[in-house]
A.B. asks: 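Got a structure here, written out as structure tokens. Questions coming.
For the numbers below, each heavy atom of this structure counts, side chains included, while hydrogens, waters and symmetry mates do not. All residue numbers refer to positions in the sequence shown, counting from 1.
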Amino acid sequence: MTCDDIIREVENSNQEIVPIGFDLEWPFSFQTGSGKVALAQICLSNSVCHLLHIHSLNKLPAAFVVLLSHSKVKLVGVNIKNDIWKLGRDFKGFPACQIVENNCVDSGTFANRVLNRSCRWSLERLTAYLLKKKLDKNSNVRRSKWHVYPLSEEQKIYAATDAYVSWLLHKYIQEEEDVRNINK
């Protein structure tokens with residue numbers, strides 16, 4: 001239902017392109033490596049971030065796939081394509097290749113192009129550089145048991161912050177590009 005609501009919002013938007021801050025979380029163990037994706041975070045405004053706990057699903061809901069592959073949607077974030085590839089590995093039938101090609105904007109690449117730089121960015125470093133803010137990347141939360149429901153308040157804040165900051169960075173970089181284009 002959440003994805004259906006977001007799809008309606010995207011389709012009713014007068015924007016040609018709707019940027020959506022997107023991120024994933026999954027459990028990690030030094031013994032077993034990366035676990036299956038547990039949480040998808042979606043943010044398309046200043047006021048709401050959606051946390052979708054998907055770990056227990058065998059197949060992603062059709063509305064979720066439609067949203068991520070919608071022609072007006074651009075999923076934004078640092079190293080966003082890696083998250084989409086991870087979804088494709090963990091959920092058979094997910095059109096990762098199509099979404100990577102058509103619906104992803106890597107914020108680090110975008111920032112480098114607009115700012116004429118050549119840096120390898122993390123979300124934390126790009127946030128510090130452009131927004132002059134420090135992200136709390138507490139390793140206890142980052143490496144927590146994302147597959148266990150319900151999530152703790154700390155997990156919810158951490159996850160929502162990553163999606164929100166991804167959205168905010170994209171908006172900031174886009175505004176910078178618009179200003180530079182006007183000045184040309």
Side-chain angles (χ1 to χ4, degrees), residues 1-11 18-70 73-100 103-107 122-124 126-127 133-170:
M1 289 183 343
T2 298
C3 291
D4 286 334
D5 291 344
I6 298 170
I7 291 167
R8 273 192 293 282
E9 191 173 336
V10 165
E11 290 178 346
V18 178
I20 293 180
F22 186 80
D23 194 32
L24 299 174
E25 304 297 341
W26 56 84
F28 178 82
S29 158
F30 288 107
Q31 288 79 29
T32 59
S34 294
K36 180 181 172 186
V37 171
L39 188 70
Q41 303 104 264
I42 298 172
C43 180
L44 68 154
S45 75
N46 264 339
S47 57
V48 178
C49 285
H50 300 278
L51 306 179
L52 308 174
H53 207 263
I54 59 175
H55 185 266
S56 63
L57 303 176
N58 293 321
K59 184 177 181 189
L60 292 171
F64 182 70
V65 176
V66 167
L67 172 63
L68 299 188
S69 58
H70 194 284
V73 165
K74 292 297 180 198
L75 303 172
V76 300
V78 175
N79 297 316
I80 187 74
K81 293 176 181 181
N82 290 338
D83 280 0
I84 299 303
W85 289 123
K86 173 86 170 125
L87 268 180
R89 286 190 303 275
D90 290 354
F91 292 93
K92 300 303 172 224
F94 178 73
C97 187
Q98 172 198 336
I99 292 171
V100 163
N103 299 86
C104 290
V105 176
D106 185 284
S107 298
S122 65
L123 185 63
E124 185 176 19
L126 191 57
T127 301
K133 302 285 183 192
K134 180 168 175 32
L135 280 181
D136 182 6
K137 290 301 203 176
N138 181 325
S139 61
N140 290 333
V141 178
R142 189 176 70 231
R143 293 188 188 130
S144 63
K145 297 178 180 178
W146 292 101
H147 60 294
V148 176
Y149 187 84
L151 298 173
S152 69
E153 279 306 305
E154 292 83 10
Q155 286 175 307
K156 290 176 189 177
I157 291 167
Y158 180 99
T161 299
D162 278 1
Y164 171 69
V165 169
S166 294
W167 176 82
L168 199 60
L169 282 167
H170 181 82

A.B. asks: Ignoring hydrogens and angles, tell me if any N or O in the side chain of Lys81 forms a donor-acceptor pair with the backbone of Val78 under 3.5 Å.
C.D. replies: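 Looks like no, no N/O pair under 3.5 Å.
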A.B. asks: Taking atom OH of Tyr149 as the centre, does the number of heavy atoms from other residues, nucleotides or ligands within less than 6.0 Å exceed 12?
C.D. replies: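 No, OH of Tyr149 has 12 or fewer neighbouring heavy atoms, counting only those of other groups under 6.0 Å.
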A.B. asks: Would you find a donor on one side and an acceptor on the other, under 3.5 Å apart, between the side chain of Ser144 and the backbone of Trp146?
C.D. replies: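 Side chain of Ser144 to backbone of Trp146: no pair is present.
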A.B. asks: Quick one, Pro19 and Val105 - any side-chain contact, counting heavy atoms below 4.5 Å?
C.D. replies: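 Answer no - side chains too far apart.
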A.B. asks: Do Val65 and Leu68 have side chains that approach each other closer than 4.5 Å (heavy atoms only, starting at C-beta)?
C.D. replies: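 No, too far: nothing below the 4.5 Å cut-off.
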A.B. asks: Could you state the interatomic distance from CD (Glu153) to NZ (Lys156), rounded to the nearest 0.5 Å?
C.D. replies: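 The CD atom of Glu153 sits 4.5 Å away from the NZ atom of Lys156.
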A.B. asks: How far does CZ of Phe94 sit from CZ of Phe64, to the nearest 0.5 angstrom?
C.D. replies: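 Rounded to the nearest 0.5 Å, the CZ-CZ separation comes to 6.0 Å.
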A.B. asks: Keeping Ser152 on the side-chain end and Gln155 on the backbone end, is there a donor-acceptor pair under 3.5 Å?
C.D. replies: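 Between the backbone of Gln155 and the side chain of Ser152 there is a qualifying donor-acceptor contact (under 3.5 Å).
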A.B. asks: Hey, are the side chains of Lys86 and Ile84 touching, using non-hydrogen atoms and a 4.5 Å cut-off?
C.D. replies: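 Heavy-atom side-chain distance check fails, nothing below 4.5 Å.
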A.B. asks: Under the side chain to side chain donor-acceptor pair (under 3.5 Å) definition, can you give me all pairs with a residue in residues 52-69, not counting sequence neighbours?
C.D. replies: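 Not a single pair qualifies under side chain to side chain donor-acceptor pair (under 3.5 Å).
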A.B. asks: Which side-chain N or O atoms in residues 163-170 pair as donor and acceptor under 3.5 Å with protein atoms at least two apart or in another chain?
C.D. replies:
{"residue": "Tyr164", "atom": "OH", "partner": "Asn46", "partner atom": "OD1", "Å": "3.3"}
{"residue": "Ser166", "atom": "OG", "partner": "Asp162", "partner atom": "O", "Å": "2.8"}

A.B. asks: Within the side chain of Gln98, is there an N or O that forms a donor-acceptor pair under 3.5 Å with the backbone of Pro95?
C.D. replies: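 No.
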A.B. asks: Answer yes or no: is there a donor N or O on one side and an acceptor on the other, between the side chain of Asn103 and the main chain of Val73, under 3.5 Å?
C.D. replies: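 Yes: the side chain of Asn103 pairs with the backbone of Val73.
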A.B. asks: Any chance you could lay out the side-chain contact (heavy atoms from CB on, under 4.5 Å) test for Leu135 and Leu123, step after step, and finish with the verdict?
C.D. replies: CA-CA 8 Å; Leu135 280 181; Leu123 185 63; 3.7 Å; yes
A.B. asks: Checking side-chain contact (heavy atoms from CB on, under 4.5 Å) between Leu52 and each of Leu24, Ile42, Leu39, which is the one that passes?
C.D. replies: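 When Leu24, Ile42, Leu39 are each tested with Leu52, the side-chain contact (heavy atoms from CB on, under 4.5 Å) holds only for Ile42.
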A.B. asks: Could you walk me through whether Cys43 and Ile20 pass the side-chain contact (heavy atoms from CB on, under 4.5 Å) test, one step at a time?
C.D. replies: CA-CA 5 Å; Cys43 180; Ile20 293 180; 5.9 Å; no
A.B. asks: Please report the interatomic distance CG(Asp136) to CD(Glu124), rounded to the nearest 0.5 Å.
C.D. replies: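 Nearest 0.5 Å value for the CG-CD distance: 9.0 Å.
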A.B. asks: Minimum heavy-atom separation for Arg89 to Lys92, with atom names?
C.D. replies: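 Heavy-atom minimum between the residues: O-NZ, 3.0 Å.
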A.B. asks: Could you check Ile7 against Val66 for side-chain contact (heavy atoms from CB on, under 4.5 Å), going step by step and ending with a plain yes or no?
C.D. replies: CA-CA 8 Å; Ile7 291 167; Val66 167; 3.7 Å; yes
A.B. asks: Before accepting this row, confirm whether a basic side-chain N of the pair Asp5/Arg8 lies closer than 4.0 Å to the acidic partner's carboxylate O.
C.D. replies: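 Looking at Arg8 together with Asp5, the answer is yes, because their closest N to O distance falls below 4.0 Å.
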A.B. asks: Looking only at heavy atoms, which two atoms of Ala63 and Asp4 are closest? And how far apart?
C.D. replies: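 Shortest heavy-atom contact: CB-OD1, 3.3 Å.
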A.B. asks: Can you see which heavy atom on Arg142 is nearest to which on Lys137, and at what distance?
C.D. replies: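 Taking every non-hydrogen atom into account, NH1-O, 3.3 Å.
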A.B. asks: Find the distance between CG (Leu44) and CG (Leu75) and round it off to the nearest 0.5 Å.
C.D. replies: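 It is 11.0 Å, given to the nearest 0.5 Å.
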A.B. asks: Carefully, step by step, assess Lys74 and Val18 under the rule side-chain contact (heavy atoms from CB on, under 4.5 Å).
C.D. replies: CA-CA 6 Å; Lys74 292 297 180 198; Val18 178; over 6 Å; no
A.B. asks: Any side-chain heavy atom of Asp83 sitting closer than 4.5 Å to one from Val37?
C.D. replies: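 No, their side chains stay 4.5 Å or more apart.
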A.B. asks: In Å, rounded to the nearest 0.5 Å, how long is the span from CD of Glu9 to SG of Cys3?
C.D. replies: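 Reported to 0.5 Å precision, the distance equals 12.0 Å.
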A.B. asks: Do Lys36 and Trp26 form a cation-pi contact, if we require the NZ or CZ to be under 6.0 Å from the six-membered ring centre and within 45 degrees of the ring's axis?
C.D. replies: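 Not satisfied by the 6.0 Å and 45° rule.
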A.B. asks: Roughly how far apart are Gln41 CD and Tyr158 OH, rounded to 0.5 Å?
C.D. replies: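 Output value for this atom pair is 9.0 Å.
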